[in-house]
**Student:** 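To start, I am sharing the structure in question, which I have written as structure tokens.
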Amino acid sequence: MESSAMLDQLFPEEKPGWRGYIEWENYPERKEAAAKILLSNKFTPSPEFQLVPLPQTNPVLVGHRWKEYHEVLGLRRIVDFSWETVLKEKPDMIHLLDFPYNGETPRAPLLAGKITDNKYHFVRNHGGVPDIDEDAFELEITGLVNTPVKLTMKDLKDASKFPQITVAVTLQCSGTRRIEQIQQYPGDGDELINAPWGEGAIGTAVYRGVPLKKVLKHACGGLKPEARHVEFVGADTYFKKNTVYNYAVSVPTRKVRQADEVILAWEMNGAPLPKMHGFPLRAVVAGVIGARSTKWLYRINVLAEPSLGPVQAQEYLYYTSQIGKHNVKYSNGFSIQNMPVSSAIIFPQEKDVVVHDGAISLRGWAYSGGGNWPQRVEVSPDGGHVWYAVDEDDMTEKHYHTWRLWTISVPVDAEGWIEFCVRTWDSSCNTEPTFVRSAWNWDLHVTSSCHRIKIYSINRSKPATAARLAEYARRGESITPITRPVEWSLEDPVECLTQRRKHPREPVD
Ligand SMILES: Nc1nc2c(c(=O)[nH]1)N[C@H]1C(S)=C(S)[C@@H](COP(=O)(O)O)O[C@H]1N2
Ligand SMILES: [Mo]
């Protein structure tokens, strides 16, 4: 066991005013030292939650393993700061995993409006939260640019140097709705699965910043001809298979040419970027999986090919259904970039009992990436045979890079268990696969199949149902939960006998 003074010397903070930032990528020998320590330790296995149900606690899962990774390298303070930041900035989330922190938006704030409150915007972290002073911060732009530069936040915010824009962007984690894949067919037990998301790993904010395109042009004199990908490096520490990294991903230079699609942002919904969302600076990449929108962005590295960082090269890959633990290789998955069209029913919720008068109201979200917008949302009350389209008046307005929230009232005659599902058509006429099975994949990404919920329909417009409900009301009792047996006789004995004699239970001859 190394002493803490020794660990501080091995893995020092890189710069004053940048707490929780250890530079790994520039120091191969430091990575080796960390690997040695990690390899000589045993860690608590990650919790099993695919073959058994998720706990009903909050935090739902406890990240012992990742905390221990930090502890053995003398970085426990990063774990503690991350949780302090959760309590300060995100106290009321569904804390899916306490460390690295993954927080899902509770259902009511998820649909509160087309812009998600910063307090409730989902969070996906692969490591701890760095604590960086704005005044000490600088962004390094390097690699295949004509002039490498370092820019302070003051430089970036100087409107005479770079034009500023605000863009409304929906960020969706590519693991959103992963729980549906898990429940039917478990998948990768590796790092990706730190986030068994439901429908709340999506959120929308208005970001202010500068288009990366303008910064590369005005500050760096443009890109070298062989430039193909722009790598974003975040100040957090990422652990994978006994190696430490700074978070790194990349997007094609082609994407960066769209000025409003790749921005360097410091403001979220009119407020400074919360620490949880990347203060003081993050990339916001519209239309692609959330993973590219690098938080605590301190280095931009222009490359001739995609980033070799594990998050880019070994994760967020899409495999065919015959790929799994028995044969999976990084090279046989394709890299997920643009998000496909997808949607979710948020109210009612799975297994809700809905008492209604012949129509059920539903609400949810619909999103499509790659610059497409949700064009039409359709809801089926019978598992996908009959579809009702949401009225355009009942959808929030279109933006190039955001979701649309929707509401619809669907006629329902049937009683008992029924299955609702939703599908969205986007502006390129794409729609969603019908069943989870149609698009299941080993890393459990991009669950874009029709979202399905089973609800229990109690139709008050039916006389027998109305009478039963009236009886419950008269007794001051509730019909829910439906699993609790009725304590009183289901039928008046005289009435029952009359009916039985009218329709004998056996043939009479
Ligand atoms: N530096 C850094 N940036 C990151 C991540 C991370 O772990 N570290 N997670 C990514 C992933 S997978 C997603 S989905 C989005 C989520 O952004 P949010 O936490 O602001 O909602 O951040 C991305 N940017
Ligand atoms: Mo993500």
Side-chain angles (χ1 to χ4, degrees), residues 18 20-22 24-25 63 66 78 82 85-86 89-90 93 95-97 99-105 110 116-132 139 169-178 191-197 200-205 207 231-240 244-251 262 264-269 271 273-300 307 309-312 315-317 336-337 339 367 369 443-447:
W18 296 48
Y21 157 53
I22 317 295
W24 301 106
E25 302 311 318
W66 261 254
I78 295 180
S82 293
T85 309
V86 173
E89 296 184 345
K90 300 277 172 180
M93 301 285 279
H95 306 305
L96 205 49
L97 180 68
F99 188 83
Y101 182 67
N102 288 312
E104 183 162 340
T105 309
L110 185 66
T116 317
D117 191 322
N118 288 356
K119 197 176 153 212
Y120 288 113
H121 192 285
F122 86 97
V123 177
R124 168 69 171 117
N125 288 344
H126 289 71
V129 175
D131 180 19
I132 303 171
L139 169 71
V169 175
T170 293
L171 286 186
Q172 185 185 7
C173 184
S174 73
T176 310
R177 296 180 44 209
R178 170 179 279 152
E191 285 88 329
L192 292 190
I193 221 69
N194 261 336
W197 299 117
I202 184 168
T204 303
Y207 296 94
E231 182 181 56
F232 299 124
V233 188
D236 45 338
T237 293
Y238 181 50
F239 291 79
K240 190 174 174 83
V244 281
Y245 302 86
N246 296 108
Y247 185 92
V249 291
S250 66
V251 296
V262 185
L264 306 180
W266 57 79
E267 202 181 279
M268 184 175 179
N269 294 330
L273 211 51
K275 287 196 189 297
M276 220 19 132
H277 291 293
F279 183 87
L281 190 70
R282 81 175 299 171
V284 173
V285 187
V288 305
I289 63 171
R292 312 291 175 231
S293 292
T294 307
K295 305 190 273 191
W296 315 291
L297 172 68
Y298 73 101
R299 183 181 297 138
I300 293 177
S307 168
V311 179
Q312 185 80 17
E315 299 170 15
Y316 299 100
L317 299 173
I336 308 165
Q337 299 287 355
M339 286 307 273
Y367 172 68
D443 276 357
L444 310 177
H445 280 298
V446 195
T447 313

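Predicted model, so just to flag it, every value in this text is computed and none were measured. Positions are given from 1 along the sequence. Just follow the structure's listing: the first ligand is 1, and inside any ligand the first atom is 1.
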**Student:** With the side chain counted from C-beta on, respond yes when His121 and Lys90 share a heavy-atom pair under 4.5 Å apart, and no when they do not.
**Tutor:**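 Counting from C-beta outward, His121 and Lys90 do come under 4.5 Å.
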**Student:** May I ask you to identify the nearest protein heavy atom to atom 23 (C) of ligand 1, giving residue, atom name and distance to one decimal place in Å?
**Tutor:** Gly290 O, 3.3 Å
**Student:** Pairs of nitrogen or oxygen atoms closer than 3.5 Å, one from Trp296 and one from ligand 1: do any exist?
**Tutor:**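 In this structure, Trp296 places no N or O atom under 3.5 Å from an N or O of ligand 1.
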**Student:** Considering only protein heavy atoms, which is closest to atom 21 (O) of ligand 1, and at what distance to one decimal place?
**Tutor:** Phe122 O, 2.6 Å
**Student:** Between ligand 1 and Met276, is the shortest N or O to N or O distance under 3.5 Å?
**Tutor:**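 By distance alone, the answer is no.
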**Student:** With atoms numbered from 1 as shown, which atoms in ligand 1 lie under 4.0 angstrom from a non-hydrogen atom of Thr294?
**Tutor:**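 Within the 4.0 Å cut-off of Thr294, ligand 1 contributes 1 (N), 3 (N), 24 (N).
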**Student:** Which is closest to atom 19 (O) of ligand 1 by heavy-atom distance: Lys295, Glu315, His277?
**Tutor:** Lys295
**Student:** Within a distance under 4.0 Å of any heavy atom of Cys173, pick out the atoms of ligand 1 and give their elements.
**Tutor:**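 Within the 4.0 Å cut-off of Cys173, ligand 1 contributes 14 (S).
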**Student:** Measure the distance from atom 10 (C) of ligand 1 to every protein heavy atom, then report the residue, atom name and distance (to 0.1 Å) of the closest one.
**Tutor:** Tyr247 OH, 3.3 Å
**Student:** Under 4.5 Å between any side-chain heavy atoms of Phe232 and Tyr247, yes or no?
**Tutor:** no
**Student:** Could you find the nearest protein heavy atom to atom 9 (N) of ligand 1 and give me its residue, atom name and distance?
**Tutor:**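 Looking at atom 9 (N) of ligand 1, the protein heavy atom closest to it is Arg124 O, 3.1 Å.
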**Student:** Mark the output for Tyr316 as yes if a heavy-atom distance to ligand 1 is under 4.0 Å, and as no if none is.
**Tutor:**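 In this structure, Tyr316 qualifies as a contact of ligand 1 - some heavy atom is under 4.0 Å.
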**Student:** Please name the residue in the list Tyr245, Trp24, Trp296, Tyr298 that meets the side-chain contact (heavy atoms from CB on, under 4.5 Å) test with Val233.
**Tutor:**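 Of all the options given, the one that passes is Tyr298.
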**Student:** Can a donor-acceptor pair be found, under 3.5 Å and without considering hydrogens, that links the side chain of Thr116 to the backbone of Gly203?
**Tutor:**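 Looks like no, no N/O pair under 3.5 Å.
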**Student:** Name the orientation class of the two ring planes belonging to His445 and Tyr316 (parallel below 30°, tilted from 30 to 60°, perpendicular beyond 60°).
**Tutor:** tilted
**Student:** Salt bridge check: are Lys240 and Glu315 linked by an N-O gap of less than 4.0 Å?
**Tutor:**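 Here Lys240 pairs with Glu315 in a salt bridge, since their nearest N and O are under 4.0 Å apart.
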**Student:** Are Asp236 and Lys295 ion-paired here, with the side-chain N under 4.0 Å from a carboxylate O?
**Tutor:**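 Lys295 and Asp236: not salt-bridged.
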**Student:** Would you mind listing which atoms of ligand 1 come within a distance below 4.0 Å of any non-hydrogen atom of Asn125?
**Tutor:**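 Result: 7 (O).
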**Student:** Quick one: does Arg282 get within less than 4.0 Å of ligand 1, heavy atoms only?
**Tutor:** yes
**Student:** For ligand 1, which atoms sit closer than 4.0 Å to a heavy atom of His126?
**Tutor:** 5 (C), 6 (C), 7 (O), 9 (N), 12 (S)
**Student:** Is there a side-chain contact between Asn125 and Ser82 (heavy atoms, below 4.5 Å)?
**Tutor:** no
**Student:** Is there any N or O on Gln172 that sits under 3.5 Å from an N or O of ligand 1?
**Tutor:** no
**Student:** Just so I know, are the side chains of Ile202 and Cys173 near enough to count as touching, which here means a heavy-atom distance under 4.5 Å?
**Tutor:** no
**Student:** Provide the number and element of each atom of ligand 1 under 4.0 Å from a heavy atom of His121.
**Tutor:** 21 (O)
**Student:** For a quick check under 3.5 Å, do Ser307 and Ser250 share a side-chain donor-acceptor pair by atom type?
**Tutor:** no
**Student:** Using a strict cut-off of 4.0 Å, indicate which atoms of ligand 1 neighbour a heavy atom of Asp236.
**Tutor:**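 Listed by number with element: 1 (N), 2 (C), 6 (C), 7 (O), 8 (N).
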**Student:** Which protein heavy atom lies closest to atom 24 (N) of ligand 1, and at what distance to 0.1 Å?
**Tutor:**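 For this ligand atom, the closest protein heavy atom is Ser293 O, 3.0 Å.
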